[in-house]
K.L.:
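Here it is, the structure, as structure tokens.
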Amino acid sequence: MCAADKSQFEGSLLQSILSSLHDAVVAVDLKGRLIYSNEQAKRLLNLSQENESAEVQDSERATPSALEVIRDLSRRPACRALAGEVVEDCVTIYGAAGQLRRLMVKSQPLFDQQGTIIGAVEMMREVTSEIATTELEPQQQQLKVELFRQMFDMMPQLGWTAHADGNIDWYNRGWYEYTGKTLEEMKGWGWQSVHDPKYLPLVNEKWNHSIETGIPFEMKFPLKGKDEKFRWFLTRINPMRDESGALVRWVGINTDIQDEIDMQNQLKQMSEALPSVVWTTSADGFCNYLSPLWKDMTGFEPSECLGTKWLELLHPSDRDAVWETWQRCVESGTKFETEYRLRGKDGNYSWFLALGVPLSDASGNLSQWLGSLTNINDKKTRNEEMELMVNERTAQLQVARDLALVAKSTAEEALETKSRFISTISHEVRTPMTGIIGLAEVMCIQDLGDENNTCMQAIFDSSKRLLQLLNNVLDAAKLETGKVMLEHRRFPIQVVLGDVRQLIRPEASKKNLEISGSCDSEIPDVVYGDEFRLRQILLNLAFNAVKFTNVGRVDIGAKLVSKSENRVVIRFEVLDTGRGLTSDQISRLFRPFEQAEVSVARVNGGTGLGLSICKDLVSLMGGTIGVESKPDSGSTFWFEIAFDLDEVSEK
């Protein structure tokens with residue numbers, strides 16, 4: 001047999017022998033890595049194929065049970081075997097299910113052909129069944145106790161444990177840090193020294209009752225800290241029982257609630273100072289607090305109406321709706337707001353406005369409700385009285401409106417009748433007046449003698465005035481009934497101004513008055529609007545200026561106010577050097593049949609319709625009109641009107 005075949009044979013033989021052993025066999029190299037494990041070792045240590053070559057320190061790849069044996073060389077006999085010793089020892093591991101298992105381990109060094117240590121071999125045999133279970137149970141129990149106490153030490157609350165008879169034998173770290181006491185000072189019933197003497201008798205009574213009955217104990221009371229100051233704590237004590245149900249120990253936890261107590265006291269002080277009742281409920285909607293003002297408002301003690309008893313005071317007509325609204329808000333955690341009537345102890349009902357908001361704890365869960373209750377009976381009564389008054393007033397206004405509509409209809413009908421009458425009369429009178437004017441004008445150019453020519457001229461002038469009067473009356477009637485229609489056609493502004501100046505020259509020459517005027521060069525040559533009504537306004541103002549000016553001049557001009565792409569606003573001014581007007585006289589201008597002075601009509605004639613017609617026409621054209629004057633300083637009548645622009649002229 002050649003050397004290679006012999007080596008292969010010996011390897012197979014060794015593998016067969018190791019596999020047939022009842023003991024677990026593992027081998028590790030100098031770095032602590034597994035280089036071999038038989039089937040028994042794999043089952044015993046719960047090794048997988050993946051971690052056979054894993055380093056001992058590789059905790060992520062080793063299975064839990066194998067990790068307890070392999071990862072810490074300082075606890076294994078192999079640590080010494082790698083140094084050349086042969087070691088036998090007993091070790092304890094946790095199985096895959098968490099149970100304790102005991103192994104007898106023999107470790108010895110592994111040599112190469114030159115005698116150099118290249119690793120270690122371990123043979124393991126489980127001896128768990130050979131160890132009395134009574135040896136493990138105290139260890140397990142002690143582990144549980146240590147784990148419990150370590151957890152207790154990490155808690156922010158004060159904690160302690162006591163025997164079944166109530167004698168305390170252990171406190172957590174929080175207790176010592178808060179009280180500044182030692183275990184010797186606190187053992188047994190020494191805890192009484194940190195209690196407030198006012199509450200200690202009640203604490204002892206409840207604690208002794210729990211010891212006798214085995215029922216849990218819960219109470220709020222103050223405890224003294226190492227700074228000699230008391231803080232309030234919520235204490236909960238629960239019994240611990242064995243498998244048979246027998247009481248074996250007590251566990252107590254004291255939770256600091258001083259901040260909560262302070263907040264409640266502040267809330268109480270605030271609620272007593274508020275003009276409304278303050279209330280709180282639990283998260284499920286049961287009332288647990290009503291401020292003292294409740295008694296002043298209802299006559300009932302707050303304690304009489306906690307829980308859901310306040311519902312009994314609701315007006316029968318309001319009860320179902322209020323309860324449904326309240327339940328809906330409690331379920332959804334939304335704001336509660338409603339008005340309802342509550343019965344007082346005297347049997348009378350009053351209106352209240354209830355508001356409530358949900359409050360959440362640190363975890364975001366609904367913990368309680370905080371709300372207010374405000375008496376709005378006076379306001380409600382005033383509102384009802386006001387509503388009744390409003391309804392009565394509305395009815396009166398409706399009657400007045402109906403009467404006004406009837407009056408308006410009658411007035412409109414009368415106005416229409418008057419307008420038709422004036423129009424008819426004006427037209428009927430205008431026809432013969434036109435004939436008279438024509439005949440008078442013909443007679444004036446004939447030689448009838450000085451006296452007769454003077455008479456005919458007077459007839460001609462009077463006829464023209466009468467015709468102008470008829471025209472003004474007809475225009476006023478049309479404006480009053482809204483029958484004046486505006487034209488919209490193209491015309492030149494400068495031509496209109498020139499024509500007006502030319503028409504008043506004959507009248508002005510009789511007084512030796514100068515007629516002048518100017519037109520702003522920025523004003524477009526042509527605009528769109530009502531040329532006829534613009535001439536009428538300018539002529540009215542110009543003839544008035546001539547009529548009331550005896551010396552000086554009359555100026556008729558136009559200025560550009562503003563200009564846009566499609567429109568232009570122009571200010572027209574008629575200036576005279578007459579005697580001017582007082583503020584009182586100005587206030588009466590532009591009214592129908594009004595003149596500056598009563599004597600004006602006698603001296604200069606006229607009806608006072610001219611300026612009124614001017615104002616109505618300017619308003620109809622969307623503009624404004626006014627006058628600037630002082631006594632003995634002349635007058636300037638002005639008006640501003642917007643015109644559309646011709647596209648050709650705009651270019």
Side-chain angles (χ1 to χ4, degrees), residues 98 137-265 282-283 360-365 367-368:
E137 288 179 356
Q139 295 177 13
Q140 292 175 332
Q141 187 67 23
Q142 183 62 30
L143 285 174
K144 291 179 180 179
V145 171
E146 288 300 323
L147 178 61
F148 170 80
R149 289 182 173 177
Q150 288 181 20
M151 291 175 60
F152 235 1
D153 272 339
M154 291 187 292
M155 291 174 58
Q157 294 94 339
L158 315 186
W160 48 268
T161 61
H163 296 290
D165 61 1
N167 280 295
I168 297 178
D169 62 346
W170 182 84
Y171 294 92
N172 73 345
R173 184 183 305 161
W175 178 275
Y176 297 123
E177 290 177 352
Y178 175 72
T179 63
K181 303 291 184 180
T182 64
L183 177 60
E184 294 302 320
E185 294 175 295
M186 295 286 100
K187 262 187 178 181
W189 295 76
W191 50 268
Q192 294 180 340
S193 63
V194 297
H195 274 253
D196 190 325
K198 292 189 297 185
Y199 300 95
L200 184 58
L202 182 59
V203 173
N204 282 329
E205 179 183 343
K206 288 183 171 291
W207 180 216
N208 287 325
H209 179 70
S210 293
I211 293 172
E212 294 172 3
T213 60
I215 63 175
F217 166 41
E218 180 174 321
M219 184 179 174
K220 297 177 182 179
F221 49 74
L223 292 175
K224 183 168 59 176
K226 57 187 176 183
D227 58 358
E228 298 297 319
K229 295 180 180 179
F230 284 94
R231 292 182 66 86
W232 279 86
F233 286 81
L234 170 63
T235 297
R236 291 189 176 100
I237 304 174
N238 286 324
M240 297 179 63
R241 302 180 184 276
D242 60 17
E243 295 178 355
S244 65
L247 177 64
V248 293
R249 294 188 70 78
W250 293 92
V251 177
I253 295 177
N254 308 90
T255 303
D256 190 329
I257 58 170
Q258 185 62 50
D259 293 340
E260 179 183 341
I261 294 292
D262 292 342
M263 186 178 297
Q264 290 177 354
N265 290 335
S282 58
S360 302
D361 57 21
S363 303
N365 300 317
S367 60
Q368 63 176 334

K.L.:
Strictly distance-based, threshold 3.5 Å: is any side-chain N or O of Y171 a donor or acceptor partner for the main-chain N or O of K181?
P.N.:
no

K.L.:
For Q258 and D262, does a side-chain donor sit closer than 3.5 Å to a side-chain acceptor?
P.N.:
yes

K.L.:
Checking F230 now: which residues fulfil ring-ring contact (aromatic ring centres under 6.0 Å, His included) with it, not counting sequence neighbours?
P.N.:
none

K.L.:
Identify, with sequence neighbours excluded, every residue that meets side-chain hydrogen bond (donor to acceptor under 3.5 Å, both in side chains) alongside E177.
P.N.:
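Once residues adjacent in sequence are excluded, E177 has no partner under the side-chain hydrogen bond (donor to acceptor under 3.5 Å, both in side chains) criterion.
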
K.L.:
Checking L200 now: which residues fulfil side-chain contact (heavy atoms from CB on, under 4.5 Å) with it, not counting sequence neighbours?
P.N.:
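Checked L200 against side-chain contact (heavy atoms from CB on, under 4.5 Å); matches are W191, Q192, H195, N204.
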
K.L.:
When you look at CZ of R173, are more than 12 heavy atoms from neighbouring residues, nucleotides or ligands closer to it than 6.0 Å?
P.N.:
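No, because the 6.0 Å sphere around CZ of R173 holds 12 heavy atoms or fewer from other groups.
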
K.L.:
Could you work out, with side-chain hydrogen bond (donor to acceptor under 3.5 Å, both in side chains) as the rule, every residue matching S282, not counting sequence neighbours?
P.N.:
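Result, side-chain hydrogen bond (donor to acceptor under 3.5 Å, both in side chains) vs S282: D284.
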
K.L.:
Could you check whether N238 and W250, counting side-chain N and O atoms only, form a donor-acceptor pair closer than 3.5 Å?
P.N.:
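No, no side-chain donor-acceptor pair sits under 3.5 Å.
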
K.L.:
Applying side-chain contact (heavy atoms from CB on, under 4.5 Å) between H163 and each of I211, V248, I168, D169, report the one that passes.
P.N.:
D169

K.L.:
If you count the non-hydrogen atoms of other residues, nucleotides and ligands that lie under 6.0 Å from CE in M263, is the total more than 12?
P.N.:
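Open: at most 12 neighbouring heavy atoms sit under 6.0 Å from CE of M263.
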
K.L.:
E260 side chain to I257 main-chain N or O, any donor-acceptor pair under 3.5 Å?
P.N.:
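Such a contact is absent between E260 side chain and I257 backbone.
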
K.L.:
Mind checking side-chain hydrogen bond (donor to acceptor under 3.5 Å, both in side chains) for R241 and listing every partner two or more places apart, or none if nothing turns up?
P.N.:
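Expected list: none.
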
K.L.:
Can you spot which of I253, V251, I237 makes a side-chain contact (heavy atoms from CB on, under 4.5 Å) with W160?
P.N.:
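With W160 as partner, I253, V251, I237 yield a single side-chain contact (heavy atoms from CB on, under 4.5 Å), made by I237.
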
K.L.:
What pairs with S367 under side-chain hydrogen bond (donor to acceptor under 3.5 Å, both in side chains), at least two apart in sequence or on another chain?
P.N.:
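Here no residue qualifies.
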
